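Quick caveat: nothing in here was measured; it's all calculated off a predicted structure. We name chains A, B, ... by the order of the sequence lines, and we start the count at 1 in each one.
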2 protein chains.
Amino acid sequence: MAKKFIISNHIRKLRFFANEMTQQELAEKAGASRQTIIAIEAGKYSPSLELAFRIADVFGVPIGEVFECEVREE
Amino acid sequence: MAKKFIISNHIRKLRFFANEMTQQELAEKAGASRQTIIAIEAGKYSPSLELAFRIADVFGVPIGEVFECEVREE
DNA sequence: ACAGATAGTAAAAAATACTTGACATTTTGA
DNA sequence: TCAAAATGTCAAGTATTTTTTACTATCTGT
């Protein structure tokens with residue numbers, strides 16, 4: 001009955017669609033460090049809602065197009 | 001040139017639309033403490049992306065319908 | 001082969017989110 | 001009017017996110 005929330009993201013794809021934007025560039029535009037972008041892109045942890053919005057803003061897409069959440073019942 | 005991200009939410013409205021769900025109930029269903037719900041609802045801080053998804057899931061709406069982000073240039 | 005740009009890892013410290021518990025206020029209904 | 005339920009505040013502690021620094025690996029072009 002416990003739900004598990006698996007959050008995934010499309011940052012890598014979005015970076016390449018956005019003229020092959022580098023992690024460094026995304027980090028600067030989103031106001032985060034490069035390490036943070038790497039960790040989030042790699043799914044090491046999920047960012048704060050604010051950072052999630054900042055990243056979505058860089059790409060000019062709604063937040064739901066950057067981050068997705070699969071809910072698994074167990 | 002720095003951007004400010006003002007995150008707001010519609011939790012209060014959504015709770016009342018959802019059969020007047022109490023903060024306590026929402027906290028339990030979202031797997032958070034009541035204090036956390038109070039603080040988020042009051043805009044004290046923005047939650048983690050995971051908790052944001054959990055809250056949206058309780059109401060059965062996409063995350064963008066619970067949280068909104070106004071970008072202000074300055 | 002070398003230099004520079006990009007991507008990746010790791011660890012410690014700082015910042016922020018979250019929990020727990022205790023108590024105050026307001027609202028609602030018996 | 002009284003009690004219970006819902007909301008809210010405060011503070012201390014835990015957990016997680018984020019930054020900083022430093023080092024390694026891979027790829028590209030000269």
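We find that CD1 of B/Ile11 is positioned 18 Å from P of D/dA6, with the value rounded to whole Å. For the pair B/Ile40 CD1 and C/dT19 C1', the computed distance is 12 Å after rounding to whole Å. In this structure, B/Lys44 places its NZ atom 15 Å from P of D/dT7, rounding to the nearest Å. Going from atom CZ of A/Phe16 over to atom C1' of C/dA7 covers 10 Å, rounded to whole Å. If you take CD1 of B/Ile55 and P of C/dA17, they are 13 Å apart, rounded to a whole angstrom. Between A/Tyr45 atom OH and C/dC18 atom C1' there is a gap of 17 Å when expressed in whole angstrom units. When rounded to the nearest whole Å, the span between CD of B/Glu41 and P of D/dA6 equals 14 Å.
Taking CD of B/Gln24 as the start and CD1 of B/Ile37 as the end, the distance is 10.0 Å to the nearest 0.5 Å. Note that CD1 of A/Ile40 and CD of A/Gln35 are 11.5 Å apart. Values are rounded to the nearest 0.5 Å.
Look at B/Ser48 and you won't find any side-chain N or O under 4.0 angstrom from OP1 or OP2 of D/dT17.
Contacts between residues 20-38 of chain B and DNA chain D, defined by a heavy-atom separation under 4.0 Å, are made by B/Thr22, B/Gln23, B/Arg34, B/Gln35, B/Ile38.
Only one option out of B/His10, B/Lys29, B/Glu65, B/Met21 pairs with B/Phe59 in a side-chain contact (heavy atoms from CB on, under 4.5 Å); it is B/Met21.
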May I have the step-by-step check of side-chain contact (heavy atoms from CB on, under 4.5 Å) for B/Thr36 and B/Tyr45, ending in yes or no?
CA-CA 9 Å; B/Thr36 299; B/Tyr45 56 74; 3.9 Å; yes
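With salt bridges taken as basic N to acidic carboxylate O contacts below 4.0 Å, one links A/Glu41 and A/Arg15.
Side chain of A/Asn9 to backbone of A/Ile11: a donor-acceptor contact under 3.5 angstrom is found.
When the nucleotides C/dC18, C/dG8, D/dG8 are ranked by their closest atom to the side chain of B/Arg12, D/dG8 comes out on top.
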